[in-house]
Amino acid sequence: MNSAKKNIENILNTDRFMFRIGELSQMTGVSARQLRYWEKKGYIQSEAREDGQRARVYSFKSFVKVSLIKEFLDQGFTLPAAVDKMTEQGKRMSELHQLYHNAYHGLGFYEDQLWVNMGYFDDEKTKILLAHVGDDDDVHYRVMPEEEVAEKLEKIGPETLPGPPMP
DNA sequence: ATTCTAACA
DNA sequence: TGTTAGAA
């Protein structure tokens, strides 16, 4: 796989993100004391770690949960109520996540544009639906035979997208 | 330097 | 819940 695609997909891959308690605290505005307390109450959880370290690490999912709880607390809900609301929201979010996960089948360049491969367009599974956001912020679609997609969209050079500078 | 737990002038 | 202490 080419590096431009890897760069973009790494940005999209939230599973790699791990936060320490101080980081999560700053990100969410929730004190470290609260985070430990919420965990003891079972509202959130930190990741189990294989190494012998005790310092908590949090996943991106925990970040989302904490952010939601914080939001509801700021709206005036009690902590248990805020947690209930977070759980409810989380269900909707995972549904949305499934939706976009089903719709996302990779990225590629074509005609000097970055396209999202949205999977098969037809029930016969011969054509692919592509989408890209133009300079006008409108989404443009294109249907293309699968073979053509394989030919043209996989030919992405690393120079097409500037990556982060190498230290 | 950061995080841990336990405790509270 | 905040804020400490002393340890890791």
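Everything numeric in this text was worked out from a predicted model, so none of it was measured. Proteins come first, then strands; the chains are lettered A, B, ... in the order of their sequence lines, and each starts at number 1.
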Nearest whole Å is fine: how far is [N] [atom2] from [X] [atom1]?
X: A/Leu35; N: C/dT1; atom1: CG; atom2: P; value: 10 Å
X: A/Gln53; N: B/dT5; atom1: CD; atom2: C1'; value: 16 Å
X: A/Asp51; N: C/dA8; atom1: CG; atom2: P; value: 18 Å
X: A/Leu79; N: C/dG2; atom1: CG; atom2: P; value: 12 Å
X: A/Gln26; N: B/dT2; atom1: CD; atom2: C1'; value: 12 Å
X: A/Trp38; N: C/dT1; atom1: CH2; atom2: C1'; value: 11 Å
X: A/Leu73; N: C/dT1; atom1: CG; atom2: P; value: 7 Å
X: A/Leu24; N: B/dT2; atom1: CG; atom2: P; value: 16 Å

Original post:
In this structure, are over 12 heavy atoms from other groups packed under 6.0 Å from A/Glu39 atom CD?
Top reply: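 Result for CD/A/Glu39: enclosed.
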Subject >> CG (A/Asp123) with more than 12 external heavy atoms under 6.0 Å >> reply: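 Open.
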Original post:
Think A/Arg56 has a side-chain N or O under 4.0 angstrom from the OP1 or OP2 of B/dC4?
Top reply: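 A/Arg56 to B/dC4 OP1/OP2: side-chain N or O found under 4.0 Å.
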**OP:** Map A/Arg33 and A/Gly22 onto DNA chain B by nearest heavy atom, then report which one ends up closer to the 5' terminus.
**Re:**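 By nearest-heavy-atom nucleotide position, the 5'-most residue is A/Gly22.
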Original post:
When the nearest nucleotide of DNA chain B is assigned to A/Glu23 and to A/Lys40 on a heavy-atom basis, which residue is associated with the more 5' position?
Top reply: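 The 5'-side residue here is A/Glu23.
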**OP:** Could you tell me whether the side chains of A/Glu146 and A/Thr126 share a donor-acceptor contact shorter than 3.5 Å?
**Re:**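 No, no side-chain donor-acceptor contact under 3.5 Å.
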Subject >> First of A/Gln34 and A/Arg54 reached from the 5' end of DNA chain C, by closest nucleotide >> reply: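 Looking at DNA chain C, the more 5' nearest nucleotide goes with A/Gln34.
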**OP:** Go through the structure and list residues passing side-chain hydrogen bond (donor to acceptor under 3.5 Å, both in side chains) with A/Lys61, not counting sequence neighbours.
**Re:**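 Testing A/Lys61 for side-chain hydrogen bond (donor to acceptor under 3.5 Å, both in side chains), a comparison that skips the adjacent residues, returns none.
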Original post:
Side chain of A/Arg36, base of B/dT5: donor and acceptor closer than 3.5 Å?
Top reply: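 Between B/dT5 and A/Arg36, which were checked side chain against base, a qualifying N/O pair under 3.5 Å is absent.
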Original post:
Is A/Lys152 positioned over the aromatic face of A/Tyr110, cation under 6.0 angstrom from the ring centre and no more than 45 degrees off axis?
Top reply: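 Not satisfied by the 6.0 Å and 45° rule.
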**OP:** Assign the ring pair A/Phe72 / A/Phe77 to parallel, tilted or perpendicular, where the plane angle (0 to 90°) is split at 30° and 60°.
**Re:**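 If you compare the ring of A/Phe72 with that of A/Phe77, the planes turn out perpendicular.
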Subject >> Main-chain N/O of A/His97 paired with A/Ser94 side-chain donor or acceptor, under 3.5 Å >> reply: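 Here the side-chain-to-backbone pair does not exist.
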Subject >> A/Arg20, nearest nucleotide to its side chain (from C/dT1, B/dT3, B/dC4) >> reply: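 Looking only at heavy atoms from C-beta outward on A/Arg20, the closest nucleotide is B/dT3.
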Original post:
What dot-bracket string describes DNA chain C from 5' to 3', counting Watson-Crick and G-U wobble pairs whose defining distances are under 3.5 Å, with [ ] for crossing pairs and | for pairs to another strand?
Top reply: .|||||||
